[in-house]
Protein chains: 2
Amino acid sequence: MNRPMRSRRQATLASLAAELGVSRTTVSNAYNRPDQLSPELRKRVLETAKRLGYAGPDPVARSLRTRKAGAVGLLLTENLSYAFRDPAAVGVLEGLALACEDAGVGLTLVPGSPGNEDVAAVHRAGVDGFVVYSVPDDDPHLEAALQRPVPTVIVDQPQLDGMDRVGPDDEAATVDLANHVVGLGHRQVGVLCMRLSSDRNDDFASLYRQQDAHYHVQRARLAALQRTFEAAGVSWESVPVVERFDHHVDDGASAARQLLDKHPRVTALICTSDILALGALAEAGRRGLRVPADLTITGFDGIGEATRAGLTTVHQPVLEKGKAAGKLLLGAGDRVASKVITLPTELRVGTTSGPPRTAEQHWFGP
Amino acid sequence: MNRPMRSRRQATLASLAAELGVSRTTVSNAYNRPDQLSPELRKRVLETAKRLGYAGPDPVARSLRTRKAGAVGLLLTENLSYAFRDPAAVGVLEGLALACEDAGVGLTLVPGSPGNEDVAAVHRAGVDGFVVYSVPDDDPHLEAALQRPVPTVIVDQPQLDGMDRVGPDDEAATVDLANHVVGLGHRQVGVLCMRLSSDRNDDFASLYRQQDAHYHVQRARLAALQRTFEAAGVSWESVPVVERFDHHVDDGASAARQLLDKHPRVTALICTSDILALGALAEAGRRGLRVPADLTITGFDGIGEATRAGLTTVHQPVLEKGKAAGKLLLGAGDRVASKVITLPTELRVGTTSGPPRTAEQHWFGP
DNA sequence: ACCATGTTCTGAACCGTTACGGTTTGTTCA
DNA sequence: TGAACAAACCGTAACGGTTCAGAACATGGT
């Protein structure tokens with residue numbers, strides 16, 4: 001495990017060739033096409049390389065010549081913490097990483113803070129393509145990626161012209177969930193959602209703000225809820241929606257607190273993510289509310305902890321989402337037509353949803 | 001958002017220069033040193049670039065010339081799923097990503113499956129340095145990284161000659177935890193641990209296997225437990241240790257099942273990770289064992305879900321660990337001496353540890 | 001003895017950029 | 001009027017490889 005001695009200047013393929021008295025081509029072949037030279041010579045090359053502390057052809061130079069970076073970039077303009085703290089996002093990341101591993105290419109997390117207009121990093125990233133995940137619709141980083149002459153696939157976002165896309169059918173899934181809640185008899189509901197736009201608003205979200213949301217996923221889910229509840233005769237204007245910029249369990253709890261303080265009569269809390277729902281669950285416990293007897297709580301994503309908590313939620317195959325994105329990107333190139341992959345979702349009814357108390361009262365009423 | 005028309009052949013800095021009738025240097029300066037040319041010319045360059053669909057200097061060529069890849073590599077030889085499923089590992093990843101973001105460099109996940117001897121990806125990765133996390137001591141990928149003429153910092157691993165290292169004081173932290181358990185009066189304990197070596201062993205781990213473990217963290221924790229319990233008069237040979245290759249909550253549950261089936265009299269289950277402990281908790285519930293009245297369960301890492309579950313555990317600053325590794329790597333270069341950063345840990349006593357039942361019986365006994 | 005066929009190795013042309021050390025032009029000031 | 005100097009731009013030489021079309025030599029068949 002001794003570190004090879006470093007000469008004054010790093011050894012290069014050329015210096016190695018000179019030392020051996022062979023051409024650079026031959027040394028290159030020793031690494032890339034073993035069948036192009038005699039085994040003895042190859043052995044001699046490799047031995048000399050070790051002696052000189054040469055670890056093989058420089059990756060960057062090789063990339064320049066072959067026009068392959070050997071890595072795909074992941075654009076997460078979101079606050080990085082979000083991407084890592086939400087198990088659903090981590091699932092996508094994992095799936096993508098798996099696809100990359102299969103293909104033997106690296107996965108580069110391209111930096112770019114939200115609100116940070118500095119897209120230089122996008123331009124500087126040596127990658128063969130981009131996967132764009134969870135960025136606002138009008139993000140400058142996304143535009144910068146599109147500028148680059150490499151393929152791009154977007155995840156969980158409306159399709160942009162001619163680009164590949166992968167995502168679940170958010171609307172349909174949300175409609176299923178909403179119908180479940182409606183079917184149980186709930187008419188007084190509240191909603192907890194994630195950040196809708198790049199500006200922080202840890203408060204109730206107006207109808208305008210909901211419809212103007214820059215985050216497509218949230219917009220789609222809210223719109224689907226609205227449609228379903230209005231079809232059931234519930235005016236959406238009467239439905240309180242509380243937004244949280246950050247995305248921790250605690251944020252879900254505080255959002256639930258804010259909503260329940262102002263609207264104590266709601267019988268169901270629909271959360272646009274499991275993380276928020278877990279927080280709501282905690283807050284319900286703190287208030288002594290029984291779930292689901294006093295309050296129905298639903299989530300979205302189907303993360304492990306939610307399953308363990310018995311949460312009613314929509315499960316989406318996050319791992320597959322990431323994998324599909326990776327395969328799409330790595331399989332691009334020759335393809336001309338753009339591809340769209342829509343993934344199946346599944347409503348998982350747990351122990352946190354049930355008929356509303358008011359319904360029961362109605363049952364026993366006059 | 002229209003994709004710029006792609007000419008037959010991608011525009012390059014040179015073709016742009018030709019089109020404009022200026023030198024390549026000037027075009028390069030337009031992007032990299034705006035002060036080196038007149039604002040008008042710069043504007044003209046940028047406009048022509050847009051017209052030709054030139055998105056700026058090629059990152060790879062630039063990297064070759066400047067000798068800076070603009071990315072650091074993360075070596076996770078572990079099964080990728082482990083890295084993404086364990087919140088503690090994700091925390092390290094997040095910290096590292098944050099440090100990279102601060103520095104404006106990318107973070108490349110370098111592929112390399114466990115047991116896979118193909119280290120080509122390590123050689124092919126265009127990075128300015130490596131962070132090595134959670135790989136077995138003798139991993140070929142690690143060796144390959146060391147070969148490369150770039151700095152390397154290792155996380156959670158014994159220091160190798162002259163390399164930077166960051167990690168918690170695993171031994172001290174484990175001793176604290178063990179003393180807590182010993183102090184409560186437990187003498188009949190069992191241990192659930194993560195994979196000890198690259199070969200799968202979902203079973204009891206012999207003393208030899210424990211001491212021969214290739215994963216340093218696990219080895220250190222087990223050794224510390226052994227020391228502490230033997231100091232308390234408990235023969236380590238009598239302590240059952242169950243190992244699990246995979247690392248999901250379910251694995252923790254099955255490990256607990258296996259251990260309790262064979263050793264029903266243990267009063268405490270010490271788990272080397274929170275994930276395993278959460279599984280043990282679930283299994284205890286399934287058996288109708290009250291925690292901690294009938295069984296004490298402890299974890300390690302201090303992940304969010306553990307806190308929520310009230311688990312007694314050792315909290316380690318995973319985020320800081322990743323950040324520190326990133327800073328160390330990015331700050332290297334001029335430095336000659338290697339640095340070692342040891343992070344503080346904290347014993348967090350929750351509601352899953354208490355005195356053993358036998359102790360209570362003893363209390364009321366003759 | 002000759003040609004066809006391998007095998008093994010080489011020379012030179014790129015890949016697209018930036019570093020370095022200029023040259024040219026215009027302005028200022030004694 | 002011309003020396004001094006800054007601003008604006010340029011030419012050349014890398015950076016470290018891969019690739020392709022051959023050259024040189026040996027082998028085998030006819």
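Each chain gets a letter, A, B and so on, in the order its sequence line appears, and its residues count up from 1.
Under 4.0 angstrom from either OP1 or OP2 of dT12(D) there lies no side-chain N or O belonging to Arg24(B). Contact annotation: Ser23(B) reaches the phosphate of dC10(D) (side-chain N/O to OP1 or OP2, under 4.0 Å). Contact annotation: Ser38(B) side-chain N/O to dA8(D) OP1/OP2 distance is not under 4.0 Å.
Of the candidate nucleotides dC14(C), dT10(C), dG16(C), dT10(C) has the atom lying nearest to any side-chain atom of Thr26(A). The side chain of Leu64(A) lies closest to dG16(C) when the candidates are dT18(C), dG16(C), dG11(D). Nearest nucleotide to the side chain of Arg33(A), out of dA13(D), dT19(D), dG16(C): dT19(D).
Rounded to an integer number of Å, the gap from Arg67(B) CZ to dA14(D) C1' is 11 Å. Between the CG atom of Asn29(A) and the C1' atom of dG17(D) there is a distance of 12 Å, rounded to whole Å. Atom CD in Glu40(B) sits about 8 Å away from atom P in dC9(D), given to the nearest Å. Nucleotide dA6(D) holds its P atom 19 Å from the CG atom of Leu37(B), rounded to whole Å. Residue Leu13(A) contributes atom CG, which lies 12 Å from atom P of dT10(C) at whole-angstrom precision. Between the P atom of dG16(C) and the CG atom of Asp58(B) lies a distance of 7 Å, rounded to the nearest Å. To the nearest angstrom, P of dG16(D) lies 13 Å from NZ of Lys68(B). Between Arg124(A) atom CZ and dG16(C) atom P the separation is 19 Å, expressed in whole Å.
Using a 4.0 Å cut-off between charged side-chain N and carboxylate O, Asp156(A) and Lys321(A) make a salt bridge. Between Arg148(B) and Asp128(B) there is no salt bridge, since none of the side-chain N atoms of the basic residue sits less than 4.0 Å from a carboxylate O of the acidic one. For Lys323(B) and Glu94(B), the salt-bridge test fails: no basic side-chain N is under 4.0 Å from an acidic carboxylate O.
Along DNA chain C, the nucleotide closest to Asp35(A) and the one closest to Thr25(A) are compared, and the more 5′ of them pairs with Asp35(A). Looking at which nucleotide of DNA chain D each of Ala61(B) and Asn32(A) is closest to, the 5′-most match is held by Ala61(B).
At a threshold of 4.0 angstrom between heavy atoms, the contacts of Tyr31(B) with the nucleic acid are absent. Contact annotation for Thr12(A): backbone-only contact, meaning every heavy-atom pair under 4.0 Å involves sugar-phosphate atoms and none involves a base. Residue contacts shown for Val22(B) are limited to sugar-phosphate atoms, with no base heavy atom under 4.0 Å away.
Of the listed residues (Asp138(A), Asp199(A), Asp137(A)), just one forms a side-chain hydrogen bond (donor to acceptor under 3.5 Å, both in side chains) with His214(A), and that residue is Asp138(A).
A donor and an acceptor atom never sit less than 3.5 Å apart when one is taken from the side chain of Arg65(B) and the other from the base of dA19(C).
The backbone N or O of Ala30(B) lies less than 3.5 Å from a partner atom in the side chain of Arg42(B), making a donor-acceptor pair.
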